[in-house]
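Read the structure below first, then the notes.
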Amino acid sequence: MKKTLVLFLALFLGLSTYQVGASTSEPLYKYKKLADETMGYDKTDPVMYYNGSTEQIEIPVAYNQEQTQFKSSWIGTIFNLHFPQISDETAFKEMYESRLDDFESWNMNAMIFQVRPLLDAFYPSAINPTSEFLSGKQGQDVDFDPLAYMVDATHERGMEYHAWFNPYRVTNSDIMSAGVLAKLSAVGFSKEDVAAMNTGERVAALNKAGVLADTNFAVKNPGYVLEFQGKLFLNPGEPDVINHVGDTIHEVVTNYDVDAIHFDDYFYPYKGAVLKDENGVDIPNSEIFGSKNEDRATFEKYGKGYEDSPAGIESWRRDNVTKLIDKVNDVIGTHNNKTESSVQFGISPFGIWEHKSIDDRGSNTPQGSSKSYSQTIFADTYQWIKDGKLDYVAPQIYWAFGAGAAPYGELARWWDQAVEGTQTKLYIGHANYKHVNNSWDSDWKNPEEINNQMKFNQTLSNIAGSALYGYSDIMPSNLDTVDPAKRGAHAIKNESLEILRNDSFAKVSLSPSHPQLSHGNVVPLDGIELKDNTLLWTETNNTNARMYVVYGGDEGQSVDDIMQTGTILGKVNFAGKQDYVFDVSNASYDTYVVSVVDKAYVQTDGKTAETFVFDATLQNLALEIKKDTTLTKQQFLDLLQIQANDTYQVATNFDEVFDASKLGTVQISVTLTSDRTGASVPFSVNLNIVKADTNPEVKPEPEPKPETKPDKDNNESPTTLPATGVQENYLGYSILVAGFVLVIFGKRRHNKAK
């Protein structure tokens, strides 16, 4: 009856809202200052998918998290953006653990960490110098391996580790900036000297100044370096550059158990500033790479078969980047096949691929907006997806729903359609930083903006998760220490974080699986025991898993239902064939299920935990001995013939109550306690002490028993009863044999006396 009433109400409310999945949606309106001077949604100003669209954006009322959903953030190390320069091992580890703590508090399941901000490395490398953002100076080593530690520590938390690389970037500061000129001046180069240098000379000068290490690929190969508006990068058109990047990736996937290789959006340069001539007049197209024929010689060298025109050169540049993608793909694929690894290859491209007015495959975005397919960057992400070159894509849709130049709703829907029918997983990059950096924009004065984006993503079936940019902007600001002029913007950011943490990031989720990378060599557990609020299992089959997932469910739920809708209680890192323990004392579920996850994050069937009950028995609860017989406590316990399904401790009052000098029955208490669960089983044993016979009747000797084979390790060791660990000394047989000897000896003496 209640379900019928709820359904009726939902249908009634559907007059003004409509269903998306299991929840209802409401139309979105522009967030701005209202007539009463407060900020809010203006019901007279609907937000459409894009300018000229007739569809209004609808936002689901509730966020219903899927069991599987990618959740992450980026930690950039360029200029120590999100991680300070630390060369001490202990301090580095403490700082990284604090980052993991923060990710864990967000229920994130993946870490994206920049291990190559320039042509350098956050790990010991034979082909790239140690990063200045790690050691303080490029090429200056540290005495530990940060990447090895980070990968292991991240896996211990049940998270993926995505190693983030910039493939081409040599420098990220304008060589004519004050900071760089100061370093060059220290080794004898004036500003005028630097201005007159060609690109190769600038590479040499930066090397002399200690900015670029001797082992830097650019220093070794200055002819492979291009320059755009004072910044240096490797020439994507040179085959040796592609090979060097491939070698860099090979070194990492070979030496480290990373889950993914991650590239961002930096390929060919973005637009720069518009340059001016000597008269201060803007130079047309000067903000576009190639306007000064920077790579003209390379095109003439390798561009055979391409039309010598702006369109032909753009096509050649796109193919150069695609060759890099193919190279990395080949390196990773070869490694995965050779070692049965499952390393992913993912890219986080610029949020706009191309405009529909230029290419029918593009998005409904105005031509004045930036894009990444033509004119700049030259990344054909769309085709990479269609050709199966990427395992995931995380487009940086760093705009609000109401942004005319790049509306979030239109772009999210475009990317959702781009991955349709492919193996490429789609994660969305969100711009948390804009609450502060774009505080002038009314859209970013809305603390619900990103959570609305998370809700909206539920309406698009191919979106499998989100990443928040960047780490500093998922941490709340201390309003007492920020600039008073920006305090309001930081307060909005803080409110946004609270909304996200309590809604779309409130629950633990699993990383999406990549079946195309799975080797199918991971099998379910043989069994799991629940012993006194502890799950116990022993891994006996798997050698190449990533982790175990522990679920809690209700009585009557099937295993599949629990894995799909139950609560994820935790993830346990796979550490080989050994015993595993998981504490559920703080949980209160009727059923517990554990699955195994391989390195492609494909799950096995789940196994239900069976409740363990400590079971122990005594074969002899009544014993009889002769008066004045010597009997130790251990001999007494051996006579009981204890059997149990767990190792145990034994407690008894034998020493206090046993007295063989008195006839009668002694009641002895025996308590067995399980070593692992602490459960106890009590017994009461009757020990009857009887009078010894004065003239015992001679009985025939019993048939001798088969000889017991001696233990090959210790011939004098007594037999051990199965599963108990209690030794049996056959005291009863000893007493019986001794009695026969006494009888025979006594009879002989009697005959002799006659």
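Remember, it's a predicted structure, so these values are computed and weren't measured experimentally.
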Using distance alone, with no hydrogens and no angle criterion, decide if [X] and [Y] have a side-chain donor and acceptor under 3.5 Å apart.
{"X": "N451", "Y": "S504", "answer": "yes"}
{"X": "T534", "Y": "D583", "answer": "no"}
{"X": "T591", "Y": "Q557", "answer": "no"}
{"X": "Y433", "Y": "S472", "answer": "no"}
{"X": "D145", "Y": "Y256", "answer": "yes"}
{"X": "D257", "Y": "Y161", "answer": "no"}
{"X": "S348", "Y": "D264", "answer": "no"}
{"X": "Q85", "Y": "N80", "answer": "no"}
{"X": "N128", "Y": "D120", "answer": "no"}
{"X": "Q458", "Y": "Q65", "answer": "no"}
{"X": "N533", "Y": "S585", "answer": "no"}

Does [X] pair with [Y] as a salt bridge, N-O distance under 4.0 Å?
{"X": "E89", "Y": "K93", "answer": "yes"}
{"X": "D259", "Y": "R546", "answer": "yes"}
{"X": "R487", "Y": "D480", "answer": "no"}
{"X": "K607", "Y": "D526", "answer": "no"}
{"X": "E132", "Y": "K137", "answer": "no"}

Is the positively charged end of [X] above the ring of [Y], judged by distance under 6.0 angstrom from the centroid and angle within 45° of the axis?
{"X": "K71", "Y": "F505", "answer": "yes"}
{"X": "R116", "Y": "W164", "answer": "no"}
{"X": "K455", "Y": "Y63", "answer": "no"}

Mind checking whether [X] and [Y] have side chains closer than 4.5 Å, heavy atoms only?
{"X": "I397", "Y": "H430", "result": "no"}
{"X": "L134", "Y": "I86", "result": "no"}
{"X": "E160", "Y": "Y601", "result": "yes"}

Is a side-chain donor or acceptor of [X] paired with a backbone partner of [Y] at a separation under 3.5 angstrom?
{"X": "S509", "Y": "Q69", "value": "yes"}
{"X": "Q344", "Y": "D391", "value": "no"}
{"X": "K425", "Y": "G465", "value": "no"}
{"X": "S25", "Y": "E58", "value": "no"}
{"X": "S135", "Y": "S87", "value": "no"}
{"X": "S518", "Y": "A600", "value": "no"}
{"X": "D416", "Y": "N462", "value": "yes"}

When the ring planes of [X] and [Y] are compared, do they come out parallel, tilted or perpendicular, using 30° and 60° as the limits?
{"X": "Y398", "Y": "W74", "value": "perpendicular"}
{"X": "F83", "Y": "F113", "value": "perpendicular"}
{"X": "Y96", "Y": "F92", "value": "parallel"}
{"X": "H514", "Y": "Y392", "value": "tilted"}
{"X": "W414", "Y": "W353", "value": "parallel"}
{"X": "Y548", "Y": "F574", "value": "tilted"}

Gap separating the [atom1] atom of [X] from the [atom2] atom of [Y], nearest 0.5 angstrom:
{"X": "Q453", "Y": "I463", "atom1": "CD", "atom2": "CD1", "result": "10.0 Å"}
{"X": "S341", "Y": "L517", "atom1": "OG", "atom2": "CG", "result": "10.5 Å"}
{"X": "T424", "Y": "I385", "atom1": "OG1", "atom2": "CD1", "result": "5.5 Å"}
{"X": "L525", "Y": "N542", "atom1": "CG", "atom2": "CG", "result": "7.0 Å"}
{"X": "N64", "Y": "K507", "atom1": "CG", "atom2": "NZ", "result": "8.5 Å"}
{"X": "I112", "Y": "I75", "atom1": "CD1", "atom2": "CD1", "result": "9.5 Å"}

Do other residues, nucleotides or ligands put more than 12 heavy atoms under 6.0 Å from [X] [atom1]?
{"X": "Y266", "atom1": "OH", "answer": "no"}
{"X": "E66", "atom1": "CD", "answer": "no"}
{"X": "H250", "atom1": "NE2", "answer": "no"}

Aromatic ring proximity W399/F350, centre distance under 6.0 Å: yes
Ring centers of F263, H162 separated by less than 6.0 Å: no
With I562, the side-chain contact (heavy atoms from CB on, under 4.5 Å) member among T608, V593, D590: V593
Intermediate values then yes/no, salt bridge (charged side-chain N to carboxylate O under 4.0 Å, His left out), E97 and R157: CA-CA 10 Å; E97 290 290 345; R157 303 289 188 109; 2.7 Å; yes
Residue pairs, two or more places apart or on separate chains, that pass salt bridge (charged side-chain N to carboxylate O under 4.0 Å, His left out) and touch residues 554-577: none
